[in-house]
Amino acid sequence: MLERLARALRGVSLAMSIVATIGILLAIQGVAVMRYGPRTLTMPAYLPTRSIRMVGVNVGLDQIITFLVALVAATGLYLFFRYSRMGVAMRGVVDDPDLLALNRVSPVRARRWAWFLGSSFAALSGVLIAPVLGLEAFVLTLLVVQAFGAAAIGRFSSLPLTYLGGLAVGVGASLSTKFVASVPSLRGLPSSFPFLVLFVTLLVLPRRLLVDSGAAVASPPPHTHSLPPRVARGGLVLGAGVALLVPWIVGARLPVYTNAVIYVLVFLSLRLLVRTSNQVSLAHAGFAAVGAAAFAHFTHAGLPWPLALLAAGLVGVPVGAVVAIPAIRMSGLYLAIATFGFGILLEQLIYPQSFMFGANGSLAVPRPHVSGVDLASDRGFYYVALTVAVLASVVVAWIHRSRLGRLLRGLADSPTALATHGADTKVTLVIVFCISAFLAALAGALFGALTGSIDGTPFGSFSSIYWLAILAVAGNGLIAPAFVAGIFIAVVPAYITNHTIIDLFPVMFGMSAIGNAIMSTRGSPFAGWLQGASIRSAGRADRSPVRDRMIIQEVAA
Amino acid sequence: MTAVVAPPTTDGLSVRGLSVRFGGLVAVDNLDLDAPEGRLTGLIGPNGAGKTTTFDACSGLNTPSEGSVHLFGNDVSRLGPPARAQRGLGRTFQRMELFNSLSVADNVALGREAAMAGSNVLRQIVASRHEQDEMMEAAAGAMELCGISDLADRRASALSTGQRRLVELARALAGRFRILLLDEPSSGLDHNETARFGDILERVMAERGVGLLLVEHDMSLVMRVCHHVYVLDFGKLIFEGSTDDIRDSEIVRAAYLGAEEV
Ligand SMILES: Nc1ncnc2c1ncn2[C@@H]1O[C@H](COP(=O)(O)OP(=O)(O)O)[C@@H](O)[C@H]1O
Ligand SMILES: [Mg+2]
């Protein structure tokens, strides 16, 4: 089944294939949570737990067995890839499926085998790990990200090195536990150690290892709706009218709507990064957290409210620039993993620090006060948030029409062409990540003001994944999808009291994200037909060498 | 018996002692090559000879293991692709690197605008009125030269291969490049389209006076337009000379015929 999906996703733009991957993740995780509940299932230890002494350390028998099973599995894989026909074919399918097909090896079969092997090894490691960690969907997902750290050490190509990398990560994490016992501010280090390894390794690996092979050939979806301007303008006026009237309609649920309006900033920020520029960031919750914390500190320091808001956004900018570094060096899945690793690092190492959410882990955040004008009530603050969201929409729309907008769309289609025509794409990337982080940090600050106090919980690293999936299902336009997504994430759940349905949400978003990503290449039937036509004519590009030679002989004659 | 290598030319692109390795494979082996301004230079050879790899090395897309690249007498070996483009080196791609979601006009205009944006943060964000006008003018001129003005509003992804090749050429012509590297610009074109393409190349030479380095499989096109031709085989330069010399060369014919048996 996963092979089918992988095939359907060939030729989808890089960012959209990440979105689909995330969709799968959310869907499976959601199903698991619904079936088994969010709590950890414990699993009885099924291996003997007696321990024996080895070179002065107590080692559990179960651990030794696990170690051996892993070693055997790794060796088996190594031999398989090295010597079997199918193993070689599987490596070939990564490089060039069409070439493989020429050699009468079915790429479909090879890919199916790859998924089969991958899934069974994942299941095997799950079985081995379960007695140690317990069964919890989130933890197991994190484990996969950690495993990428090991794979990165193996440079994504050497199995023996990967095995050693896995060992090193595990040992390093345990050692850091000891080390940290004496330095309380580094409490988060042991659990974040694998992510640290991952992030750093990805940063130092040679760049050519980090370019997704089999990169997208098909074009991303059209960038603008083809709505007639009259309809678009009508929609805008209607939307604005509704937005202005909301506080008088919805009664006590107003904060929910304010929340939605704040989310608009998050989604505008993601829209610019993911759909316009074909980049990925799974560290957005981190940007928002940094903005929220900075805002709390600035207001406490006595900065006027609007200035503090602006300053909080600006604090997000350098964080965005840091995330731009992996974006310069890698794309697609690697970028997604690196930014996700960075988000987890922030969450586990930085959030607990007192300079973030204070010594108690929570800070009070004020709303604006202007004498004579009511801005601090729920109603007043809704308008404050709406104003910021509208301003941000105007800015994003302006960016799209500016030179930066053209560069970003060029970046999405062909960074190479942009660079060979004289634009420094590193600068472009840093700019877009900074703008994106700025918007997300603004959102974080406003979230704090909405709830009155702020801590790390709303900004868990998994939120970033959820946000991206929701953006993917919210439509293709520029500004409107940000509002739609805001309503999806904040308003809709408030009206649904049935818990089963709420639990179903991630599954639904996950599924539709997959669907949307696949559809993004199809577009209208007409576009599909055109694409087919261009592919057919491209077929002629492969002119036969025989004809070349005939020509040269003709000329020579 | 080592031949004395001439110093890099000051009036165009020069490659000296260039080698590019991919693992154990030597894709380009100790290559010397000149492509002066105002002339049409050919670079031919069988598939896999290392032509595209040579282009990539010239424009800074790969890391040569040895050798240097010079532009108008300056060593640019350590500069990135944007900096080399800023110094007058443009190119097209064998696999066509168009901005597929943009219109033809935007594609071509970006060919000029990318260079205006450069590496300056402010200039990447906003365009001055003056620059906007200059860009539009350059794009209109380039589309006119390539005969694709009527396609201006079409999406690049919706065009035929032949049209896409022309869009890519127009995009490069919209920039202020003095040397252009064209990688198999006629592949995927039919006979008539190729003949038209030859006309366009000759017009470009006459009106712009740029230097062209042309990788091309269509020998009749090469023989028609090129002044000087380099022949690569397995990464090595096996022949260099005028088109007349090529016609008479046994070595070249052997290289092409030799490939037939494989
Ligand atoms: N990125 C790469 N990695 C490994 N080998 C490559 C790469 N690019 C090209 N090659 C190899 O280098 C040789 C020259 O390729 P190329 O320059 O594309 O040839 P041409 O353009 O003359 O057809 C070929 O054998 C090709 O397989
Ligand atoms: Mg080539």
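Computed from heavy atoms alone, side chains included, the values below leave out hydrogens, waters and symmetry copies.
Listed options B:Gln86, B:Arg87, B:Gln124 were ranked by heavy-atom pairs under 4.5 angstrom with chain A; first place goes to B:Gln124. Of the listed residues (B:Glu131, B:Glu184, B:Glu168, B:Arg84), the one with the most heavy-atom contacts under 4.5 Å to chain A is B:Glu131. Contact tally against chain A (heavy-atom pairs below 4.5 Å) for B:Gly175, B:Gly111, B:Ser59, B:Gly80: the top residue is B:Gly111. Note: B:Ala117 leads B:Ala117, B:Ala174, B:Gly60 in heavy-atom pairs under 4.5 Å with chain A. Residue with the most contacts toward chain B among A:Leu408, A:Thr416, A:Ile399: A:Thr416 (heavy-atom pairs, distance under 4.5 Å). The most heavy-atom pairs under 4.5 Å with chain A, out of B:Ala83, B:Gly90, B:Ala85, come from B:Ala85. Of the listed residues A:Gly422, A:Pro415, A:Gly405, the one with more heavy-atom pairs under 4.5 angstrom with chain B than any other is A:Gly422. By number of non-hydrogen pairs under 4.5 angstrom with chain B, the leading residue of A:Ser402, A:Ser414, A:Ala417 is A:Ser414.
Contacts between B:Gln132 and chain A at a heavy-atom distance below 4.5 Å involve the side chain alone, from C-beta outward. Residue B:Met96 does not touch chain A at all, counting heavy-atom pairs closer than 4.5 Å. Both the backbone and the side chain of B:Ala172 come within contact range of chain A, with heavy atoms under 4.5 Å apart. Contact of A:Ile431 with chain B is made through the side chain alone, with heavy-atom distances under 4.5 Å. Heavy atoms of B:Leu61 lying under 4.5 Å from chain A belong exclusively to its side chain.
A cation-pi arrangement, defined by a distance under 6.0 Å to the six-membered ring centre and an angle within 45 degrees of its axis, is present between B:Arg178 and B:Phe72. Cation-pi geometry between B:Arg171 and B:Phe99 is met: the NZ or CZ atom falls under 6.0 Å from the ring centre, inside 45° of the normal.
No donor-acceptor distance shorter than 3.5 angstrom exists from the side chain of A:Thr425 to the backbone of A:Thr428, with no hydrogens or angles considered.
Within a 6.0 Å sphere centred on CZ of B:Arg176, heavy atoms belonging to other residues, nucleotides or ligands number 12 at most.
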Start with the C-alpha gap between B:Glu137 and B:Arg112, add the side-chain angles, then the distance that decides, and say whether side chain to side chain contact (heavy atoms under 4.5 Å, CB included) holds.
CA-CA 10 Å; B:Glu137 208 173 298; B:Arg112 179 64 149 253; over 6 Å; no

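For the side chain to side chain contact (heavy atoms under 4.5 Å, CB included) with B:Leu180, the lone residue among B:Leu13, B:Leu173, B:Leu213, B:Thr92 that qualifies is B:Leu173.
There is no side-chain donor-acceptor pair under 3.5 Å between B:Ser242 and B:Asp244. Side-chain N/O atoms of B:Thr53 and B:Asp56 include no donor and acceptor closer than 3.5 Å.
Salt bridge absent: B:Glu193 and B:Arg196 never bring a charged side-chain N and a carboxylate O closer than 4.0 Å.
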